[in-house]
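So the structure is just underneath, and the comments pick up after that.
Naming convention: chains lettered A, B, ... in sequence-line order (proteins, then strands); numbering from 1 in each chain.
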2 protein chains.
Amino acid sequence: MGTRVTLKDVAAAVGVSPATVSLVLNGKPVRISDERRAQIQKVASSMRYRPNQAARALVTRRSNMVGLVVPDIENMFFSSLFKALEDVAIRDGYSVIVANSDDSRERERSLICGVSARGVDGLFLVPALQSCAQEAALRRDVEECPCPVVFVDRLVDSGYCDGVGVDNKEGGRLAAEVLIDSLAAGARDAGKGRVGCVCVERTDGISDLRFRGFADALAKAGVPLDAECIVKGDYRYSSGYEAADRLLDAGVGAVFCENDLMAMGLRRRVEERGLHVPEDMSIVGYDDVLPRFGLLNDLTTISQNVDALAAECWSVVRERFAKPKAPARTSRIQPHLVTRSTVFGV
Amino acid sequence: MGTRVTLKDVAAAVGVSPATVSLVLNGKPVRISDERRAQIQKVASSMRYRPNQAARALVTRRSNMVGLVVPDIENMFFSSLFKALEDVAIRDGYSVIVANSDDSRERERSLICGVSARGVDGLFLVPALQSCAQEAALRRDVEECPCPVVFVDRLVDSGYCDGVGVDNKEGGRLAAEVLIDSLAAGARDAGKGRVGCVCVERTDGISDLRFRGFADALAKAGVPLDAECIVKGDYRYSSGYEAADRLLDAGVGAVFCENDLMAMGLRRRVEERGLHVPEDMSIVGYDDVLPRFGLLNDLTTISQNVDALAAECWSVVRERFAKPKAPARTSRIQPHLVTRSTVFGV
DNA sequence: ATGAAAGCGCTAACAG
DNA sequence: CTGTTAGCGCTTTCAT
């Protein structure tokens with residue numbers, strides 16, 4: 001195990017004061033003779049000096065760490081979000097501390113405290129499901145948090161806090177649009193002409209928007225969306241799988257699933273019944289996160305563009321660092337349609 | 001944004017010295033009058049005092065943070081590993097800093113430095129692929145690292161460093177065993193009687209062991225494993241998918257895939273050709289990590305037991321904290337067979 | 001151009 | 001039983 005070499009060690013080795021070394025190593029525009037500069041650099045690197053970040057954080061009040069609290073890192077979307085965020089953060093020399101709230105208010109609360117006590121400069125928070133239903137409690141925690149907080153993805157009422165999300169309503173609209181086009185592209189056999197969806201009932205301020213965007217666009221185009229064609233899901237593969245029979249039996253031939261996992265489950269069951277996608281059923285998913293995990297994905301889907309989301313998160317927090325008192329800002333990434341092979345005729 | 005209240009603030013509010021407050025709040029067994037104790041506790045909590053961890057780390061030389069460097073957090077296995085590790089670490093009050101090496105030696109190197117400069121108490125490292133081929137360079141970094149390192153999963157030559165992994169050879173053996181049983185369970189039609197595998201060629205010290213365990217067990221049982229029944233894969237869905245035709249055409253009816261993703265891809269292609277699993281082909285996967293992501297999995301597979309792996313990681317590092325000079329120790333978790341529905345007759 | 005000194009927030013001796 | 005003192009490793013005035 002290596003030993004810890006301090007600034008003082010370097011100073012002693014060179015025969016100057018710690019202050020001088022600090023100045024040089026931090027590239028401060030103080031006029032120190034070039035020879036000294038070079039010498040200090042050389043000695044420091046040959047001694048493998050690494051500044052102690054804790055000490056530095058103590059005095060500068062900046063840790064170059066940010067926190068990320070997600071409901072569950074085993075949700076592919078959040079996993080990707082983390083990776084994308086780390087990619088952009090690391091370029092500015094930041095590390096990311098991640099923690100899982102398990103969608104629990106209590107755990108989230110303790111995480112906010114715990115992570116901020118670590119001195120992070122900013123905290124990205126995907127609010128727990130339980131918090132979405134207890135906005136007042138969440139707000140209290142956020143306001144007490146000694147560092148800026150940015151809501152991510154789940155945009156709860158956030159006049160008091162920065163937020164970055166995706167335009168879910170637009171995503172729903174895009175899904176409706178392509179399904180409508182598909183309907184127009186070719187006449188369906190009898191008993192396959194209806195439109196349906198697998199949607200999630202949650203207070204996360206996401207599923208309802210996707211549904212609203214979808215339903216509104218359908219209505220505007222005069223395409224009916226009947227109650228028996230709306231099946232509840234829970235974002236998991238199995239719920240898509242289980243939705244298939246009801247949809248098929250209702251004569252649905254075009255389905256919007258609120259995420260890709262459910263779309264895959266749906267597709268599997270459809271094919272198990274000896275039917276084909278998209279000939280017998282068109283399917284649109286949501287997320288487009290599967291390919292990032294090495295899962296082959298030929299699903300036509302609405303992409304959330306996780307990289308753009310992460311980039312925007314970073315840009316928002318940097319602006320907040322620069323102007324701590326600026327008014328809170330919420331921004332939304334635009335989703336887009338990725339056309340692959342599961343929608344008939346497009 | 002909340003304000004930062006320090007120990008001194010609390011001390012001033014109570015009218016005692018900072019030291020006293022520190023003693024009380026850390027539950028030190030110093031005999032301080034109970035009334036003072038209670039009063040200090042009360043004031044501290046009402047002022048919402050949170051100790052500054054950076055300052056504490058500076059003096060105690062313990063940060064209560066550990067690092068985890070993985071090749072890619074978008075690999076489901078590592079994603080699960082992180083979650084499992086966080087679960088166990090948080091119970092001891094530890095936070096985890098995660099970073100992706102992208103399997104690059106260079107990036108890993110800079111991560112080891114960067115993370116350890118943050119003062120982590122320990123570092124869990126899944127060596128980058130590139131490092132597995134440059135053990136000397138890796139070793140140098142590890143030995144220079146000012147905190148204990150634990151190799152995880154990819155157990156490179158590690159006489160000098162603790163390690164925790166899975167017994168991959170045993171996993172391969174288990175896969176062979178169940179496939180052999182399956183063969184015995186029912187006679188196969190002609191042209192489906194051979195055994196094959198989709199395996200990965202890598203220097204990660206994992207794929208080769210799985211293969212070796214598999215091949216050795218087959219040999220011992222007198223079951224042939226012919227060259228044309230061994231197809232190369234890359235751990236991704238698509239490579240399993242693409243392996244299917246060659247395997248089928250070679251008359252293979254029982255396949256071991258070195259991970260679940262490839263097994264799923266293989267299965268998909270087999271079914272696309274109108275065949276059935278397990279009637280026409282038995283498939284054994286490896287990992288059993290898919291269900292954790294909400295992916296329905298009815299694959300018969302070799303489970304790595306990520307939770308046990310993480311628990312063992314934690315136990316190893318704790319022991320290292322306790323005895324910094326103890327000899328390095330490598331331990332291996334035993335994998336086990338999870339019987340589901342993709343092996344014929346078992 | 002460089003060094004001395006103060007102090008970030010906390011803990012750990014040591015006095016009292 | 002409690003307060004004072006002295007740093008942890010670093011940055012940052014302010015003198016020199």
Keeping to residues at least two apart or across chains, list the ring-ring contact (aromatic ring centres under 6.0 Å, His included) pairs with something in [range].
| range | value |
| --- | --- |
| residues 26-50 of chain A | none |
| residues 120-142 of chain A | none |
| residues 75-105 of chain A | A/Tyr94-A/Trp314 |

Under the side-chain hydrogen bond (donor to acceptor under 3.5 Å, both in side chains) test, which residues partner [X], sequence neighbours left out?
| X | answer |
| --- | --- |
| A/Ser104 | none |
| A/Arg154 | A/Asp103 |
| A/Ser116 | none |

**Complete:** Residues pairing under salt bridge (charged side-chain N to carboxylate O under 4.0 Å, His left out) where one sits in residues 43-71 of chain B, two or more places apart or in two chains, turn out to be A/Glu144-B/Arg48
**Request:** Could you tell me which residues satisfy side chain to side chain contact (heavy atoms under 4.5 Å, CB included) with A/Arg139, sequence neighbours excluded, listed by chain and number?
**Result:** A/Glu143, A/Tyr160
Name each donor-acceptor pair under 3.5 Å that joins a side chain in residues 315-323 of chain B to protein atoms two or more places apart or in another chain, with its distance.
unit_1, atom_1, unit_2, atom_2, d
B/Arg318, NH1, B/Asp92, OD2, 2.6
B/Arg320, NE, B/Asp162, OD2, 2.7
B/Arg320, NH1, B/Lys323, O, 3.2
B/Arg320, NH1, B/Pro324, O, 3.0
B/Arg320, NH1, B/Ala326, O, 2.8
B/Arg320, NH2, B/Asp162, OD1, 2.9
B/Arg320, NH2, B/Asp162, OD2, 3.1
B/Arg320, NH2, B/Ala326, O, 3.3
B/Arg320, NH2, B/Pro327, O, 3.3

**Item:** All stems with DNA chain D, defined as three or more consecutive Watson-Crick or G-U pairs under 3.5 Å
**Value:** C:1-16 with D:1-16
**Prompt:** Would A/Glu108 and A/Arg105 pass as an ion pair if we require N to O under 4.0 Å?
**Reply:** yes
**Message:** Just the rounded figure in Å: distance from C1' of C/dA1 to CD of A/Gln39.
**Reply:** 14 Å
**Request:** For A/Asp9 and D/dG9, give me the distance from atom CG to atom P, rounded to whole Å.
**Result:** 8 Å
Protein and nucleotides 14-16 of chain D: nitrogen or oxygen contacts under 3.5 angstrom:
none

**Complete:** Scoring nucleotides 9-15 of chain C by protein non-hydrogen atoms under 4.0 Å (B base, S sugar-phosphate only, - none) yields BBBB---
